[in-house]
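Here's the structure we're looking at; comments come further down.
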There are 2 protein chains.
Amino acid sequence: MQTPRRLLPSIGLLSAFEASARTGSFTAAARELNLTQSAISRQIRALEEQLGVELFLRERQTVRLTPAGEAYARDIREALRRISAASLNLRANPFGGTLNLAILPTFGTRWLAPRLPDFLARHPGITINLATRLVEADAAPDVPQSARSRSNFNDRGGGSRRRTYEHD
Amino acid sequence: MQTPRRLLPSIGLLSAFEASARTGSFTAAARELNLTQSAISRQIRALEEQLGVELFLRERQTVRLTPAGEAYARDIREALRRISAASLNLRANPFGGTLNLAILPTFGTRWLAPRLPDFLARHPGITINLATRLVEADAAPDVPQSARSRSNFNDRGGGSRRRTYEHD
DNA sequence: GCGCGTTACGCCCGTCGTAAGCATT
DNA sequence: AATGCTTACGACGGGCGTAACGCGC
């Protein structure tokens with residue numbers, strides 16, 4: 001067994017904890033997540049029970065992180081940030097980091113070449129494999145289940161629409 | 001707005017995707033997660049719809065990652081690993097990674113010293129700040145974020161029971 | 001026929017909001 | 001009184017298993 005995934009805290013619990021840890025208040029976390037403080041309170045308690053560790057000190061009517069909670073908050077914040085970044089990046093670059101193009105030489109030199117640098121600048125994570133074909137082909141014939149589209153180089157890269165891709 | 005937490009994919013979706021990506025099979029992922037392949041299939045589809053990106057190519061009766069899926073899988077795997085590690089580590093070291101002790105010299109040399117190595121061996125992530133005091137003091141007044149506890153050195157470290165600690 | 005993925009149908013449990021309670025300021 | 005956390009209660013919905021289907025081996 002790799003990692004015991006089954007006992008991972010849910011995203012809801014982790015988000016609630018992270019927001020609470022950052023703001024130092026269940027109420028503030030509730031506002032941020034568009035939930036009630038009641039929900040936050042229950043989620044934090046649930047997380048603590050699941051982990052078997054107290055994450056917050058309840059004093060008076062404020063809460064404060066325990067040392068354990070602080071360390072956990074750092075890790076969780078980083079993990080959530082990574083998931084968020086990966087998900088957003090995926091929506092921005094549906095190609096998966098590599099884009100294979102088969103084009104006609106004339107098209108490449110006249111139309112594509114001048115636009116490439118700007119495109120690459122807007123999609124930093126992306127690598128492009130350019131292949132020039134001498135004959136016109138309907139996109140890439142040997143690509144399984146490709147969604148043909150005009151992979152818009154003028155697009156600002158915000159869309160969730162389909163794009164063409166190949167794989168090796 | 002820090003990170004748009006509200007639209008993060010759930011742990012279930014991510015776990016299902018990660019297991020499927022690693023095994024290359026929904027059925028295998030289902031076995032690993034103690035779910036039905038039906039559940040995995042639905043989760044993957046839900047994740048794809050939520051992200052607006054195809055993660056798997058359905059061919060014949062097997063599935064293959066798209067390039068986008070591969071990149072996403074790497075990030076998700078790392079994030080899940082981090083959450084898992086943080087959670088497990090927290091259960092093992094409820095003190096928050098650092099344990100500040102203020103003890104009497106005699107106690108330190110006679111009782112504590114012989115037990116320290118074994119304790120450190122059982123709690124690999126933990127760092128201990130030892131301060132010897134000549135007078136009996138209630139914990140360490142000047143140490144920020146110190147966790148006083150009886151920090152049971154004979155304890156096997158698996159419990160979910162409460163522990164007492166202070167904060168600054 | 002067997003194995004794998006997809007889809008439809010109920011059901012259950014997790015999680016929410018509301019609301020009441022308690023303590024502190 | 002006002003604020004902040006806790007807890008009880010009822011309702012809604014996401015996510016599950018079962019089962020039936022299609023499709024290659």
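Convention: sequence-line order gives letters A, B, ...; per-chain numbering from 1.
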N or O in side chain of B/Ser25 less than 4.0 angstrom from C/dC4 OP1/OP2: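 False: B/Ser25 side-chain N/O out of range (4.0 Å or more) of C/dC4 OP1/OP2.
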Below the 4.0 Å mark, does D/dT18 have OP1 or OP2 next to a side-chain nitrogen or oxygen of B/Thr36?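 No, no such contact exists.
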Residue pair [X] / [Y], side-chain heavy-atom distance below 4.5 Å:
X	Y	value
A/Leu80	A/Ile11	yes
B/Ile40	B/Ser20	yes
B/Leu90	A/Leu55	yes
B/Phe56	B/Leu65	yes
B/Tyr72	B/Leu47	yes

Hey, what do you get for CZ (A/Arg64) to CG (A/Leu57), rounding to the nearest 0.5 Å?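 A/Arg64 atom CZ to A/Leu57 atom CG measures 7.0 Å (nearest 0.5 Å).
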With rounding to the nearest 0.5 Å, note down the distance linking CD in A/Glu78 to CD in B/Glu78.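 One gets 8.5 Å once the value is rounded to the nearest 0.5 Å.
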Whether each nucleotide of nucleotides 7-12 of chain D has a protein heavy atom under 4.0 Å at its base (B), only at its sugar-phosphate (S) or at neither (-) is summarised, 5' to 3', as BB----
Using whole Å, report how far [atom1] of [X] lies from [atom2] of [N].
X	N	atom1	atom2	answer
B/Gln43	D/dG17	CD	P	9 Å
B/Glu54	C/dT6	CD	P	11 Å
B/Glu59	C/dG3	CD	P	22 Å
B/Ile40	D/dG14	CD1	C1'	15 Å
A/Phe56	D/dG4	CZ	P	15 Å
A/Arg31	D/dC5	CZ	C1'	14 Å
A/Ile44	D/dT6	CD1	C1'	13 Å
B/Asn34	D/dG17	CG	P	9 Å

Report the C-alpha separation of B/Arg22 and B/Glu18 in whole Å, then their side-chain angles, then the decisive distance to 0.1 Å, and conclude whether the salt bridge (charged side-chain N to carboxylate O under 4.0 Å, His left out) test is met. CA-CA 6 Å; B/Arg22 178 161 36 78; B/Glu18 192 280 332; 3.0 Å; yes
Quick one: which protein N/O atoms are closer than 3.5 Å to N/O atoms of nucleotides 23-25 of chain D? Pair and distance per line, please.
from: D/dG24; atom 1: O4'; to: B/Gln61; atom 2: OE1; distance (Å): 2.9
from: D/dG24; atom 1: N3; to: B/Gln61; atom 2: NE2; distance (Å): 3.4

Name the closest nucleotide to the B/Gln37 side chain, picking from C/dT6, C/dG17, D/dG15.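 The answer is C/dT6.
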A/Phe26: which of A/Ile44, A/Thr36, A/Leu35 passes side chain to side chain contact (heavy atoms under 4.5 Å, CB included):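 Result: among A/Ile44, A/Thr36, A/Leu35, A/Ile44 is the only option passing the side chain to side chain contact (heavy atoms under 4.5 Å, CB included) with A/Phe26.
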Side-chain (B/Thr23) to main-chain (B/Ala28) donor-acceptor, under 3.5 angstrom: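 No: the side chain of B/Thr23 does not pair with the backbone of B/Ala28.
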Is there a donor-acceptor pair closer than 3.5 Å between any side-chain N or O of B/Arg45 and the backbone N or O of B/Ser41?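 No, because the side chain of B/Arg45 does not come within donor-acceptor range (under 3.5 Å) of the backbone of B/Ser41.
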Using C1' atoms of five pairs at each end, report the bend of the helix from C/dG1-D/dC25 to C/dT25-D/dA1 rounded to 10 degrees.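 The end-segment axes of the helix from C/dG1-D/dC25 to C/dT25-D/dA1 are tilted 20° relative to each other.
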